[in-house]
Structure formats: structure tokens, C-alpha cells
Amino acid sequence: MYLKNKKYLWGLFPLILLGIMIVYFLFFQRKAIISTSSTSQFFYQFNLPDSLFAGTKLSIKLPENTPECQLLLNSSWGTWWLNITKNEFNIPDSVMMQSGLLDLSLFCNKNLITETQIFIKPLQAYEPLETFMGSKSITADGGEHWALITAIPTDKFFNPVNENTPVHFGFIRPNGTNEAYDIPTKDLVSYKKIYSQQKIGKTIVSIKAANAAGKEKELLEISGYPTSFNIENDELYLYADARQYFKLKTDIIKDKFGNIVSDGTLVSLNIKDTDGSNRHLNSYTIGGIARLMIQNPIKAGTMKISANIYGDVESNQLKIQFQEAAKDFKVSYNKKTEELKIGPLIGSMGQYIADGAKVEVILNPRQEHITVLANAGYAKLNLQQEQHPIGEIKIRFSGIEKNVNIQ
Amino acid sequence: MLQKSDKLLLIALFVGLVFHGTIFFFTFDETYDAFVHIFFADHYARSWFEPWDNRWYTGFNVTSYPPLVHQLTALLSFIFGLKKGFIILAICAMQLLIIGAYRFSKLWTTPRAAGYAAIFTCFASSIIEALHLFGQVPTLIGISCLLIALPDLYRWIRYGKYYRLASSLSIMAVGVTSHHVTTIFGMVFFVAPVIGLAILDSRIEQNKIKSQKNWGLSLSMPEVLKNGILPFKITILDFLKETWLKRKQIILFGLTIPIVLMFVFPYFYWSKTDPITQVSIPHGSRDSFIEVPSSGLMFFLLPLGIDLLVLPYIFLRVWTKRNIFIGLSFTFLLIFGTGGTTPIPKLILGANAFNILTFDRFTFWATIIAIPFIGEFFYRLLEGDFRDFLRLKIGIWPYRLIWGFLTLCCITLVIFIINLGTFRPLQPATIDTKPIIEFLERDQHDKWRFMTLGFGDQMAWLSAQTVAQSVDGNYHSARRLPELTTRPLERLENSKFKGIQGLGSLQQFLTVPEKYHLKFVFSNDKFYDPILYFSGWERVQRLENGIMVWQKQDISPLPSVLPEKKLPKFLKIYWGIMPILALLLAFSINFLFVWYARFQRRNGYEDGYERAFLSLPIFKNRLFIFMGIWIFTLSTIFITIVVRLVMSSPNDSPSKIITAYYDAVDNKHFKIAYEYFNPTTRTSFDDYFVKLSVEDGILASYAKLDNLKIVENKINDNTYKLKAIAEWITPVEKFYTENIHKAVRYNGKWYIEQPKFDPTTPADTFIEEAFLSMHGHGKRKVGLEPTAHEDVIDRPELKILNARMIQLDTTYAVVGELQNIDNQPAHVTIQANLFDKYNRRLVSYNAKYVTIHRILPKETIPFRVEFEETAWVKKDDLDPAKFNPKEFTNFDFKIHPKIFKLMVKAVVDKNDIYRSVGVQGVKEEGTKLVGDVINYGTEDVSIPKLLIAFYDNEDKVKWVDTHFLRDGIRQQRRREFVIERNIPKKYKEVYIGTDADFYVNGMPNSIYQAPAQTKLLENQIKLKNSERISIRVDAFIDNPTIY
């Protein structure tokens, strides 16, 4: 029943194919079979060509009545002893794949009979071409930095191709120009230095040797060191309330060839505050511009802002004049509850000062500093908790100082 | 035919099976040791004959623990899986133990009482603790085998039939392969008393025969033993004579014991050949139980449990002539069990042995010895003479109350111990290990070592499921790394509980992770986040199970060939087959041989042993009165303690309320903390909680209260002002806070005033900020190929601007500054090597906290590298009670370093580059520098760290310091800081480095070109003492928006 279905015969097809291939390799493959003449005093001379291509099959046939013989092979990969089989030496394929000099010495009855040398030549460059780009990114500084593109063309047995095999390098640079070079291999490799130009971007590299091409390679040219820049402020509220923020931004920071510096470049800000204290703030660039928010100072006066990047990169100095944010305030004291009430704390336009504004109270007898935070326009302090201080109390708020006497 | 008593055994076995079999399913994953044994079992399941395991401690030998339980679990795991295999084995162990206890009891008491003892075994608190709390299955099997073997040993000594010797030895061999320590100590505490008993019994029997001859008395064994009164005296001389007669048995047994121990020969080989000496780990059982009541509860009171109430009876029973040896043993064990409470164990054992042994095992053995007598007590109470006596004297209902009370005590204890894990969690909640396993298997992540933090003993379960290696481990006897062996540290995993040694050790691993190819940390505990962040680690992802994966950049993968300590092949095979062989041998001798002999009607093993029908000594009224007083006193003490604990209120006094408040805040019990606030002035709880919830910072989120000192200041009768000086431990630093609290009396109770929160409101309703976002995905296709040449980005170029070596008293440090001159943000690893004048390298170490590890293009970062000693050399440093994570062991310089080399390397990194924090209002106040840290960006900063660099006149760094702020900073908010403006007093420059000493990415520093800063920088603050400093902020963001 099974046999009736002849479809299974298709299964034999691969077997037939395999048979054909075996027959082909046995009888039609190029073989260097060298017959030798026999002598009674065993004498033998190799009759081999000076050079062969890598991968050639080679077997050496000896005359019928040869005594016990061995063949010594010496190649760059090592040494082999071959024993004779049916008057024939079959040189292993692995030996024949290796380019370079191959020494053959024939020993019979432990005597050296003859020796010769064959040069095994590499084939043509084979795909894919092995290429390497070293420094994948360089600074576009007009030729100071360079990267190296290297190719090692090999044949299909991984032998380096012949010296002086031309390798073609093609570049498209960030500024749109095309460059092409044919560089012959020397000491196995072919290489080209790519010098930086002045524009940032990608350089796409193509490499070709004979018919073998390599992968697309790329080199990134990146912007160089920043140069001096300007800063400016925006959205300013001109009262020193220690609360509102204003915006500060740099103009587009560029390198000396006009390329915008990379995102993330850190800009440090150095601010001399209105009360003489220091501020250190940072920001980083995005699209060459660094932005940040700066809080208004606590005291009226001039604020001086400058920005810099380590390496002598500086900005202009910005001076901003701030006005007083608060007006005079009242202080009252309730003897019963022993509560000190400071306020109402009124802003520049008559509004309550924002919650959380700091009022400094100095209890005179002990010179104890207490910070009271304003809440809904008033700052309150229970003196009972402070162990009933008697005497002068100093109150500071927004640069205004007041003294109160408590009995 | 079953005897009456054997029926009780069957009941005990049945109860044991149902009770423990059901409960162990739910308790085993919270026990301390279960997962460790499962890990070992997994090792045998993977490679039975290869004792080397690379997964823990960079490789260790499993011959360091007797293998039987692990190998049996491994065998069972092929059918049931690891966890279930282990559970089945544990249930079998319990069955064995019940049989063992029954057989052991019959040596000392009547069979019926032994039956009671078997039932009691199911509920003995020490056994429940060992199984359901500690998961010590090997110990249980070890003790069961010993108990089962003892009656056979008794018969060997008495009658000298070789079969009994073989039988007892074969069972002991199984015990040895399961837990050799039990067998070795058992020789003293169990075997020796039983040999003594056998000799005594022989003598008694002979005297009996003799007296029959002489006086024609016909005495049976019970009569002989009645009331412990013998109609003849047994002197020490008699005993010695009898011992001489039994010399053959004793010597033969003594000679065969080493053979039995040889079943675990590779273990002894390991302990002899392993040259690593370990610092012993502090164990609660060595504490004085009066000073540390929690240890006393855990290691003494709980295991003893009901034994405590019956203690007088046990003592009366063991201190009789026949039981004198077990009495000695019991007393010794009980004294040893008290650990450091009395000086006796230390005097007997010597300080060395005292510091190695754990003493809870002695208590455990004492309770095992007590089992027969407790069984006997209950037998007499429930159906014996005590019952009759009590019913007669005090009536039926009082009698029922008494036994009801005792049974209730027993049951309560059992329930309490089994649920202890729920009352006070011993382990973190169960972690789903699957996502971690998947992570480790993905992208060849197992080519690096990993570490877990806050997993508890579940890290062993994680290890059991993967081939990935950990630097840590959960079996401290096999610790190998010097960072671990030199410290009393079980595992890095729970280092936060181990004080300075723990965190110090962890910090070393995290600072120099390349030493052990440590790349991944799985963190289940937020506590460790700051330590990871500030030593240069970064978050990769949060897994589905909530575990955060941290990684360190730029760590080389593990080499394909790892060092291994090879054992001789013979030992490997020996180790693989001997335990199972011991089990088979015991089975053949005790079952197959007996069956065979019965079929063949051979009786070579019969020895004419009569089960001694012991009668129980009658007690006088005095005993009952004493017992009554004893039980009453103990119960009263216990109840008083409980009631006082429950009734005591923190509102009693001002300092109590402050202590209670700090305690509540420390434990994050905010509802309780709120209850302490003055009810007349406090806001609603929700209001308090909302305000609290936005507070972040190292103190609010990552600290543990270590010490609290309160200074009282009376204002009037109803008002106190209290200064609370608190010491907090955080993973990076020790913090001191000083707060003033006001306590007021209201309705006779003390309350404190609610703290005020910052009322500051931000200036802007909505803020926006441009954020740099990056992604590096290489160029390869999705697949299994490893990283290709094109996938790797060039290392960012850095320039070391300057660096110098300085000496501070006896320690050295390298300080300096470097710049990222590249166009991408970089993650930097800064390593400094010190050399002496002969150019020999002395030490190398990485920068830890005193730098910023992520550096933006063109940014400059100062750094300081300190040199720590790996080994914990000084003996006086061993005290783990002191805790200061900032403290470290300085490298002990034998020769002065003269020069240094700085090796800096970098990789492109995209994480943790928040820079919208800065300082403002910085000015001098006295010797301090004060100012505000301001957050003007869009992320909530959890822990701000200041990096303060001091410069010389040429703008070169001469000193770098750090300061952690205690509070977090929300967006558009400020926090005040106060720092010292001076450099350390004993500061001395040793050597100023030149370009020749600096290497970046393996290349000389000089090849990197960058414009120099020629003018003095204006970013520096010029101080009055002519110092020039700069302040940078490194902000740790716990919950970044992008994750």
C-alpha cells in the first residue's frame, strides 16, 4: 500500500545529488598528480610546480615498488609527517589552504631522498572585507585630529591577499565632498588616515578590494571646544523678594569653526549677590543654549552674573538692579499669651508677603538667632517657649532692622 | 501485636504527620536555613560528584557541610522539585524524631509514659522552633538518628551481641552524614549517660540475682527501683568493677566511632586543608540573657517552653541513682544553654571555643533529654498517680484546671512560635524570583557576578535557581573573600543590621567592584540606595516584582576559567556515595537483616533483653506544694511583665513622651507619633500626614535611630522644654540632630507640641525645563550575537587637570580635579595607586563618595581617593556594637608611599545627570560657611551632597570634602547648609603629581588636548582665612521621572 504512493521516491533526490557531487570531486576535480619513474637504487625527484594557488588538491604518487617512505611537510602553520598509502601521499587540504612557503622532504628507509619547496599563492580578496575604524568620533578641528580606516583583504581561506593589491576607499564628508583613494596593501593591511575638517557630522566610508566589498563604516566628527558667549536675562520681576525666579539664557554657544557645541555641555554660573554672598549654579546646553531659572535676591541692590566654561571660556557680565520688596512692618507683643507678633508684612505693592518668608529674631540677652517663617502675612513667635526673655529683641526682615523692648 | 504504648506512638506519628506536614508548607520559606539547604540540594542536583560551587563567595566547597539532607533533597527534587522535596524530607525527619524520642524515653521511663513523650515531641517548643523557625532539618535528622541508636547501644553494652553494635553504629552513621556536630557532642551528652545507665542496670540485675541467692528474696525490677531505694548499695567501686567487666563492649564501641565519623571524611579534610581563618560571627545565644532579653527569649525561654514549668519534676527525676548520668548531662546542658548569662560556660570551654560555638543547641539538647520526663509527668498527671492524688486532695475541677492550664500553656507556645514570623517578620516578604532569573539569563548578564540587598535568606533560593554567581553567600563557614572572613558578617545582604563592619564591608565591594567582576545589584531595600548612588552605581530598571536593578559601568566580565580548589577525585566520589551508602547500610542492617533472620529462624541477634517495667517513684506532698508554688511564681512573673508592658504609657513623663515619639517616627508609625501631639493644638492626622509625606531626605527616608539623649528643662509644672540630641545611622554617614521640643501636660498626661512644617510655597505654578535624553543601542541586529566592534562607543576623553598625594596623620589620600573634554556625558572610575620609594605598589583604591561619578561635557570634578584596608586587622575593632558607616579601617602603611599613579577611565553614560541644583547665599559666619542649596529644576532631590573643593593659589585642588544634607529638596525650594571652612589640621602635602603620573583610559594624560584655564576662575569663593573654595552639588533623585 505504501509503495503504491511513489511520491516517496522524491526523497531519493538529495541522495542522487550527493552521489553526483562525490563523483565530481573524485574524478573531475583539478588534481596535480605527478607520476614518477622508478629506479632500482631508489632515487626519486619531485616534479612539482614552483607555485600553486591555495586550496589546490595535491597528491604525490610514487612508483610501484617503493620502500617504506614518509613525507615531511613544513609550512607556516607547523610540521606534518605523512605516511604513504597505496604508493601515494595525499597532502591534507588544510595544509594546501594556507598561503606561503611549503617545504616537502621525502624520507625513505630513514634517509632523506629529496626535498623541494612550493609557494602557495593566495587567491583573490573574498567577501566580506574586514575593516576597522579607529576613533569612531573625532573633533572637527580643521585637521588636527584624525581617525584611521583599516582594511585587511583576505581570500576565502583567510590568507592575506598579495602585496600591493589595491583597496578602494571612498568617503562622503560632512561638508558634502566626495573623496576616493586607491591604496595598495602593504604588510597585509591597507589604511587611510581621515583628517578632520571644520564641519560636524558623519563621514560615510566605503571600502572595496577586487570584487569584495566591505560594510559601510562611519566616522563622527563632533564639535570642538566652545568659545566665548553672551548671556541675557528674561521675565524679570525687579523686587528683591527672595521668591520669584527670572530666566537666564546663553546665546548659541559655538566652537571656533561655528559648530554648535554638543548637548550637555556644562555652563557654570557665578553670581555675586546683592548682599555680597555667592551663588554657584549650573546648566547644560541643549541646541547650544543653556537656560536656567534664578531666584531673586533677598536684598535690594545689584546682582552681577557671569557664566563660564573651564578652559578660558567666559561670558559677558550681566548686572541687574533689584528694588526693595518689602515695606516697613509693625511689631506687637501680647503680655498675656507672651506672643510676639510681627506684621503685617507688606510687599512692595501693598500685598502680603509670600508664605515662608524668613524673619530673623535675635533675642538680645542670649544672642540667640531664631528664624520665624511668615504665614498669611504675619510672623508669630511664642516667647514662653523661649523661656521668657526680657530686654531688647532685634527683628530683621528684608534688609529692615527693628528693635523692640520687652519688660 | 501492638502493645498499648505503641498505639500512643502511632497516634504521635499520625499527629506529627498531619500537624507538621500541613504547617511546614507555610512556614518553611520564612525560616532562616531552609533555603540554604535547598541551595545545597540544588548544587547536588546539578553536579553530584563535583563539590566545588562557584555561585557563592567566588566559589566554595560544599564538603563544608554534611551532605545527606541535601543529597536526599536533590534526589527528591527530580520528582517533586526542590521546595517540595525539602518539605517531604522535613516531614520524614519529624517522623524519625518522634520514633527516636519514643525509643529514647523507654530507657528512662515506662512504655506508656514514653508514648506520652512521643506525643509531646510533636509539640515541644524547641523542636517546633528548630523546624518552623530555623528550618534546621539536618540537625533534626542528626538528633533523631542518635536517639534511635541509643537503645541499641544500651543493649550492646549490657549483652554484648554484635548485631546491636552494628545496628547502633549504622544508625549513628546516618546521623553523622546528616549533622556530624550532633553526633560528636552527643557522644558526651547522650551516649556517655546511656553507657553509664547500661552498666548500672547490669549491676542492679546482678545484685538482684545475688540477693535472691543470698537471702532468697525474689525481687523484680520494679521493686528494685521503687522509690529509688535499693535493698543493696551500689558503690562507686561496684560501678567501676562493672565497667571493667564491660570493657570489651566499651572499647569496641569507642574504636568504631572514628570509623563512623569517617563517613564524612571529606568534611574533616576540608576543615583541615582550608587555610582561611574566619572571624566568628556574634550570635545571640552568646549574649547575657539578662542584658539582652530578646536573645534570652529566643534562645532560652522559648525553646524550653513548658519545660520551665515542669523543671522541678525533671530535676527530681534525673537526680536519682539510676538516672544520675543523664542528670549530670541535663544540668550541664542547661547551664551551657544560658550562654553568656553566667561565666560558667566561658570558664569550662575557654574563650576561644566560647566564641565559636552557638549555645542554643545546648538548650535544644537539654529539652530533648527532658522529653521522657515530661512525657512521664503528663502520663502521671492525666492517667497516673498524680491524677488520683490531686483528685482526692483538691477535687476534680481544680485538678482539671491544672492540667487544662498546662495544656493551654503548651498550645499557646506552639501557636506563638509558629506565628512568630507573622508577629515580628524575620524575613522580607516573599520575593518573586522569576523576573530576576530572567534578567540574569538575558543578554549574558550571568557573565558578571551579582549581589542582592535586603533579600534575607531568600537570596539562597535565588541562587538555587540560576548559574549566575554572587560575591555574597548565605553559608558563613565557607566565606572566602578577605572582606568577609575578616569581619563578623554573615552576608553582605543584610549588612545594615551588622553595624560598621557590615556597611564597611559592603562599601568596599561597591567601591571596588571590578575586583570581583561585580556588576549587578538587586536591591529590595531602599536603605541601600544612597550608598549605591554615591559610590557610582546606577539604576537599570525596576523589575516586575519591584526589585530595583543597579549596575556599575565599566566592569570586565568574568574570565571563562575561574580558580577552583580541586579535591582529589577519590574524595569527590567518596562524598557523592558515602551518605547514601550509610543510609542503605542502616536500612539493610535494621530491616533487611532482621527480616532475613526471622525467615531463616536465626536468632543470633537475640540477647534476652527484657523491657524493664520500671515503676515510678512515689512523691511526697512536699513536691506537689513546691510544684504549685513554682508554677504559680513563674506564671505571676510572666503575667506581671506582660501587664506592665501593656499598661505602661509614654504619656507619663516629658522625656518618656519624647523617647516614644522618636521611636514612633523612627519606625514610621506616624499614627502613633500623632497621638503624642498636644490634642488641643494639633492639626488633623491627615493634615499632618500629608505634610509629612512630601518630606524626603536621608534622615526622613534612609536613617535609623541609634541613640537618643534628652536634656530636660523645666519651664513650669505643666510645661517642659526638652532638647533631644539624636544619633541617626544612614548608609553613608552618621547624623546628629538637635531639636527642641515643648512638652505640655493636659488632663494629667504629657504631650508634645506638633512640629511645624515649612509653609513656603513655590513661586511658579508650573515649571518647565529642557532635559537631555540619550540612548545607546549599538548597531547589532536583535539576536544572540555578542557585542560587535561597531556597537561600542569610544571612551570619552578626560583630562586630569591636577592631582596630589597628601598625608593626614597616618593616612594618605589623593586629591585632584579632572575634566570631561569630550562631547558626551561620562561615567568615571578614578583609581589611585600608591608606590613606595622603591617603586613597589602598596595599595590601590577607587574614589568613593568624595567625587561626582557622572560628569558632563566640559565639566570639571574634584575628587579624593582614600585607601582602605581590606582586612579587619585590629582586634579591638571587632566590637560590632559601635556603628559608624563613615568610619573605615585605614590601610596600614608599613612603608611610606612616595609617589602615586592615577588611572582614570570613562564610559559614555546617560543616567543621573541632573544639574539644576546649586548653592546660593553662601557667606561666612564665624568659622562656618552657611548658605542654601537651591533646586531650580523639575526633579525632587532626595539627598543633596555638597562637594567642597579647596584650591591653592594656582587654582589646583588641595583638599576635597563632602557634606550630606539631612533633608531632601523639592522643586523651587531651598535648604540651609552649614559647613566647616577649614581644611584638616594635620594636612601635609607629600607629592604633587605630574602628567607622567596620570593615565586616562589607559593612555598617558598628555596626549589629551584641551585648552587650559589661564586666568583664575571666578567660581571660587574667597574666604577671610585666604582659602579659596568651590561648592558643587551632587543630587540623588530617588524617584526620577524617567524611570
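Relative orientation of the B:His775 and B:His777 rings is perpendicular, given thresholds of 30° and 60° on the angle between their planes. Using the six-membered ring where Trp is involved, B:His853 and B:His827 have ring planes that are parallel, under 30° apart on the 30 and 60° scheme.
Counting heavy atoms from C-beta outward, B:Lys910 and B:Gln824 have side chains that stay 4.5 Å or more apart. Taking 4.5 Å as the limit, some side-chain heavy atom of B:Arg915 sits within range of a side-chain heavy atom of B:Leu856.
For a residue to count as touching a neighbouring chain, one of its non-hydrogen atoms must lie under 4.5 Å from one of that chain's; by this rule B:Asp932 touches chain A with the side chain only. In this structure, chain A has a heavy atom under 4.5 Å from the side chain of B:Gln819, while its backbone stays farther away. With a threshold of 4.5 angstrom between heavy atoms, A:Tyr310 approaches chain B through its backbone and through its side chain. Proximity to chain A (any heavy atom under 4.5 Å) is shown, for B:Ala770, by both the backbone and the side chain. In this structure, chain A has heavy atoms under 4.5 Å from both the backbone and the side chain of B:Asn823. Both the backbone and the side chain of B:Leu772 come within contact range of chain A, judged by heavy atoms closer than 4.5 Å. Heavy atoms of A:Ser223 lying under 4.5 Å from chain B belong to its backbone as well as its side chain. With a threshold of 4.5 angstrom between heavy atoms, B:Val1033 does not approach chain A through any atom at all. Residue contact with chain A, scored on non-hydrogen atoms closer than 4.5 Å, involves the backbone and the side chain of B:Thr761 alike. Within the 4.5 angstrom heavy-atom criterion, only side-chain atoms of A:Asn270, from C-beta onward, approach chain B. Proximity to chain A (any heavy atom under 4.5 Å) is shown, for B:Ile855, by neither the backbone nor the side chain. Contacts between A:Ile286 and chain B at a heavy-atom distance below 4.5 Å involve the side chain alone, from C-beta outward. In this structure, chain A has no heavy atom under 4.5 Å from any part of B:Arg795. In this structure, chain B has heavy atoms under 4.5 Å from both the backbone and the side chain of A:Ala242. With a threshold of 4.5 angstrom between heavy atoms, B:Glu976 approaches chain A through side-chain atoms but not through N, CA, C or O. B:Gln1020 touches chain A through its backbone: at least one of N, CA, C or O sits under 4.5 Å from a heavy atom, while the side chain does not.
The distance from atom OG of B:Ser1030 to atom OH of B:Tyr951, rounded to the nearest 0.5 Å, is 3.5 Å.
A donor-acceptor pair is defined here as one N or O able to donate and one able to accept, closer than 3.5 Å; no such pair exists between the side chain of A:Asn308 and the backbone of A:Leu269.
Looking only at heavy-atom pairs under 4.5 Å with chain B, the residue among A:Glu314, A:Lys358, A:Gln295 that has the most is A:Gln295. Ranking A:His145, A:Lys217, A:Arg291 against chain B, the residue ahead of the rest is A:Lys217, based on heavy-atom pairs under 4.5 Å.
Between B:His963 and B:Phe977, a ring centre-to-centre spacing not shorter than 6.0 Å is recorded.
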